[in-house]
Amino acid sequence: MHNSNISTPLLASPPTSSSPSVISLLKISKTPRDLRQLHALAIKTGLFRDPLIAAEVLRSSVLFKHRDLRYGRSVFDQMPEPNCFSWNTLIRAYAESDDSPFEALVLFSRMLLCENTQPNQFTFPSALKACALVEAIEAGKQIHGHVIKLGWGGDAFVLTNLVRMYAFCGFMEDAQKLVEKSSLFPDNEASIVLHNILIDGYFRLGMVEHARKVFDRMENKSVVSWNGMISKYAQIGYLKEAISVFRQMQLEGVKHNYVTLVSVLPAIARLGALELGEWVHAYAEKNNIEVDDVLGSALVDMYSKCGNIDKAVQVFEKLPKHNPITWSSVIGGLAMHGRANEAIDYFRRMEKDGVTPTDVVFIGVLNACSHAGLVAEGRSYLDRMVKLYGLSPRIEHYGCLVDMLGRAGLLEEAEELLLNMPVKPDHVIYKALLASCKRHGNAKIGMHIANRLMEQVSDDGDSYVLLSNLFASLGDWGNVAKVRLLMKKLDVRKDPGCSWITVNGKIHEFVVEDYSHPQSKEIYLMLEEMTDKLQEAGYVPDTTQVLLNIDEEKKEMALFYHSEKIAIAFGLISTSPGTTLHVVKNLRICGDCHSSTKLISKIYGRKIIVRDRSRFHHFDNGVCSCNEYW
DNA sequence: TTAGGGTTAG
């Protein structure tokens with residue numbers, strides 16, 4: 001068929017036969033069709049035999065706007081004698097591809113066999129990148145040999161990729177040696193990059209101390225080095241370290257930039273350090289750092305995880321644009337705070353705005369339903385996710401649903417779902433159901449689940465504790481003792497419960513019966529006062545929450561020293577009257593702490609916001625925002 | 001043509 005009816009503006013004026021104009025046409029070709037037409041034309045006119053033009057066709061097809069590797073490969077295979085540039089282009093394209101980096105190595109070895117071409121400083125980085133991705137250390141070492149033989153060992157790009165190759169393959173000594181050698185000729189820029197890559201490698205291998213040592217020994221650090229430490233620490237949950245590097249950076253006079261803020265905010269969020277989070281937000285505004293959708297989603301998440309959901313919503317509304325992640329942040333935030341209906345409203349607004357929800361957005365929506373007892377809604381949203389959006393539920397989605405059914409007391413259904421879902425249950429989901437069984441006193445299902453949990457978990461202390469708590473709540477002290485003995489034998493420990501509160505920008509952390517705080521004496525006096533006032537207000541300790549076989553008086557004492565109570569006592573003595581207290585706890589709040597905190601909020605006229613492992617509780621004037629549904 | 005970034009069930 002003649003193609004005059006599909007002529008594009010690009011081809012309206014046919015190219016002349018001179019190479020430069022074809023090359024410039026290729027460079028501005030926008031659609032795959034433009035490219036294919038130019039390609040066909042080049043072949044028809046014989047211009048494709050010009051290696052420069054052929055190379056440009058290839059480059060246009062695999063890099064930048066087109067990124068069609070299969071098409072690029074066919075272009076390459078048509079070349080009678082690809083030049084070095086073309087080899088490099090295709091090797092790079094494969095090395096950067098998600099599914100076939102290994103093909104880059106195959107091509108590299110084919111290139112070595114060609115008589116007229118030799119790898120150069122542009123070939124090695126891609127080939128080494130491919131080795132790093134597929135952890136091909138032997139190939140990597142051989143390529144290193146070629147690098148030396150051909151004299152590219154001093155090239156900054158080649159060197160960085162060599163170091164990264166060794167680091168990704170876990171050969172840290174080789175990586176370290178290369179970096180040290182490069183430090184002898186301190187061309188700062190390049191040396192800093194090499195050190196950053198080395199640090200990244202140590203983090204990837206979980207060798208955190210080594211990473212820190214390299215960082216501390218760096219004479220010159222760039223802002224990227226600082227940001228890298230902050231983000232890596234935050235990613236592996238070393239939250240305080242992340243924040244301490246952030247502060248040290250400031251002390252040493254290195255200015256925070258956009259990436260610094262985006263990197264440190266998740267750590268602040270998880271710690272619940274509201275004051276610091278507010279400082280970061282103010283810093284962005286004062287320094288004209290644009291709060292775009294990326295920084296915005298980090299801020300929205302920070303405000304909601306730090307207890308200020310209204311501010312989170314406010315920041316969200318002011319963002320210049322929204323994407324699935326900003327929506328996830330605000331929906332997940334509302335869910336955490338138990339504001340299910342608003343979470344659902346936001347979800348509807350998102351759909352109305354034409355944004356396609358991701359599976360993460362649905363985790364937020366389902367979590368909202370779970371924490372508000374909206375069972376029918378939860379089911380229908382899972383259905384919507386599968387049928388309308390074609391998303392496959394992950395274990396997290398089933399986790400929300402099992403939790404939702406369990407909290408609502410629909411334990412048989414929860415168990416049925418857990419046993420029949422198409423993904424393998426993990427210890428998280430078993431524990432969620434086990435916690436519901438304990439709460440609703442269902443020993444039968446609890447035992448089923450416990451048995452299955454024990455089959456697959458051997459070193460998760462929390463699972464054993466949950467099981468022992470289930471027995472304890474049923475008064476089955478014999479089995480409690482058995483589980484505890486087993487824990488001792490297997491040497492598994494549970495996460496110690498701890499709570500923390502930020503006062504004047506400093507985080508104060510407490511564990512159960514904690515006497516280590518410098519103001520410990522005042523804190524315990526306050527705890528005594530609190531207990532007296534609670535008793536005056538008619539509070540009776542709920543000793544069923546103490547899951548040890550000890551006498552009642554001791555049980556009361558054990559409750560009295562729960563870490564969240566200590567944190568609240570400290571908050572009360574170290575802030576002025578009326579100040580809202582923000583407490584974060586790493587486990588779920590216990591029933592006794594929940595009911596006494598309600599009273600404390602009334603007695604002392606304080607709003608107390610507690611974030612526990614699963615959600616927020618806003619205590620105010622004797623009531624909690626969770627409506628006892630947690 | 002090399003280094004750093006946001007959301008995710010309990």
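In what follows, chains are A, B, ... by sequence order, proteins preceding strands, each numbered from 1.
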Next on the checklist: Is there a side-chain contact between Asp612(A) and His617(A) in this structure, where contact means two heavy atoms from C-beta onward sitting under 4.5 Å apart?
Outcome noted: yes
Item to check | Any donor-acceptor N/O pair under 3.5 Å between dT7(B) base and Ser329(A) side chain | outcome: no
Checklist entry - Which part of the nucleic acid does Lys305(A) contact within heavy-atom distance under 4.0 Å: base, sugar-phosphate only, or nothing? => result sugar-phosphate
Next on the checklist: Whole angstroms only, please: what is the OH-P distance between Tyr202(A) and dG4(B)?
Outcome noted: 18 Å
Next on the checklist: Side-chain N or O of His371(A) versus OP1/OP2 of dG10(B): is the shortest distance under 4.0 Å?
Outcome noted: yes
Checklist entry - Base, sugar-phosphate alone, or nothing: which one does Ser222(A) contact when heavy atoms must sit under 4.0 Å apart? => result base
Checklist entry - Within the structure shown, what part of the strands sits under 4.0 Å from Gln235(A) by heavy-atom distance: base, sugar-phosphate, or nothing? => result sugar-phosphate
Next on the checklist: Regarding Asp403(A), tell me which of base, sugar-phosphate or nothing describes its non-hydrogen contacts under 4.0 Å with the strands shown.
Outcome noted: sugar-phosphate
Checklist entry - Contact class for Asn323(A) vs. all strands (heavy atom < 4.0 Å): base, sugar-phosphate, or nothing? => result base
Next on the checklist: Using only atom types and a distance under 3.5 Å, with no angle test, would you say the side chain of Asp403(A) pairs donor to acceptor with the backbone of Gly399(A)?
Outcome noted: no
Checklist entry - Is there a donor-acceptor contact under 3.5 Å from the side chain of His440(A) to the main chain of Arg407(A)? => result yes
Item to check | Minimum-distance nucleotide (side-chain atoms of Val262(A) versus dT7(B), dG4(B), dG6(B)) | outcome: dG6(B)
Checklist outcome for this item: Taking dA9(B), dT7(B), dG4(B) as options, the one with an atom nearest any side-chain atom of Ile429(A) is dA9(B)
Checklist entry - Contact class for Ile395(A) (heavy atom, under 4.0 Å): base, sugar-phosphate, or nothing? => result base
Checklist entry - Side-chain donor or acceptor of Arg92(A) under 3.5 Å from a matching atom on the base of dT1(B)? => result no
Checklist entry - What nucleic acid atoms does Asp293(A) come within less than 4.0 Å of, heavy atoms only: base, sugar-phosphate, or nothing? => result base
Next on the checklist: Tell me the interatomic distance from Ile236(A), atom CD1, to dG5(B), atom C1', rounded to whole angstroms.
Outcome noted: 17 Å
Checklist outcome for this item: note: Tyr303(A), atom OH; dT7(B), atom P; distance rounded to Å ~ 16 Å
Checklist outcome for this item: Per atom distances to the Pro266(A) side chain, the nearest of dG10(B), dT8(B), dT7(B) is dT7(B)
Checklist entry - From dG4(B), dA9(B), dG10(B), pick the nucleotide closest to the side chain of Asn227(A)? => result dG4(B)
Checklist entry - Rounded to whole angstroms, how far apart are CZ on Arg439(A) and C1' on dG10(B)? => result 14 Å
Next on the checklist: I want to verify a distance call: between dT2(B), dG5(B), dG10(B), whose nearest atom is closest to the Val428(A) side chain?
Outcome noted: dG10(B)
Checklist entry - Could you give the CG-to-P distance, from Asp612(A) to dG10(B), as a whole number of Å? => result 10 Å
Checklist entry - Is Tyr94(A) reaching over with its side chain to a backbone N or O of Ser126(A), donor-acceptor style, under 3.5 angstrom? => result no
Next on the checklist: I'd like to check Trp87(A) versus Phe108(A) (side-chain heavy atoms, cut-off strictly below 4.5 Å). Are they in contact?
Outcome noted: no
Next on the checklist: Can you tell me whether the side chain of Asn257(A) and the base of dG4(B) have a donor-acceptor pair closer than 3.5 Å?
Outcome noted: yes
Item to check | Asn196(A), nearest nucleotide to its side chain (from dG4(B), dA3(B), dG6(B)) | outcome: dA3(B)
Next on the checklist: Regarding dG6(B), can its base be found pairing with the side chain of Ser297(A) as donor and acceptor, where the two atoms are less than 3.5 Å apart?
Outcome noted: yes
Checklist entry - Are any of Arg164(A)'s side-chain N or O atoms less than 4.0 Å away from OP1 or OP2 of dA3(B)? => result yes
Checklist entry - For Thr326(A), which contact category applies under a 4.0 Å heavy-atom criterion: base, sugar-phosphate, or nothing? => result base
Next on the checklist: Using whole Å, what does the distance between atom P of nucleotide dT7(B) and atom CG of Leu391(A) come to?
Outcome noted: 20 Å
Item to check | Rounded interatomic separation in angstrom, taking CE from Met302(A) and P from dG6(B) | outcome: 15 Å
Next on the checklist: Does a side-chain N or O of Asn367(A) approach OP1 or OP2 of dG10(B) to a distance below 4.0 Å, or not?
Outcome noted: yes
Checklist entry - For atom OH of Tyr202(A), is the number of surrounding heavy atoms from other residues, nucleotides or ligands below 6.0 Å larger than 12? => result yes
Next on the checklist: From C-beta outward on Ala432(A), which listed nucleotide comes closest to its side chain: dG5(B), dG10(B), dA3(B)?
Outcome noted: dG10(B)
Checklist entry - Base, sugar-phosphate, or nothing for Arg394(A), non-hydrogen atoms under 4.0 angstrom? => result base
Item to check | Glu219(A) atom CD, over 12 foreign heavy atoms within 6.0 Å | outcome: no
Checklist entry - Does OP1 or OP2 of dG10(B) have a side-chain N or O of Arg407(A) closer than 4.0 Å? => result yes
Checklist entry - Will you find, in the side chains of Asn88(A) and Thr123(A), an N or O donor that is under 3.5 Å from an N or O acceptor? => result yes
Checklist outcome for this item: note: Glu189(A), atom CD; dG4(B), atom P; distance rounded to Å ~ 15 Å
Checklist entry - NA contact type, Lys232(A), heavy-atom cut-off 4.0 Å: base, sugar-phosphate, or nothing? => result sugar-phosphate
Checklist entry - When we call it a touch if two heavy atoms are under 4.0 Å apart, what does Phe362(A) touch: a base, just sugar-phosphate, or nothing? => result nothing
Item to check | From dT2(B), dT8(B), dG5(B), nucleotide with atom closest to Ile363(A) side chain | outcome: dT8(B)
Item to check | Donor/acceptor link under 3.5 angstrom from Asp426(A) side chain onto base of dA9(B) | outcome: yes
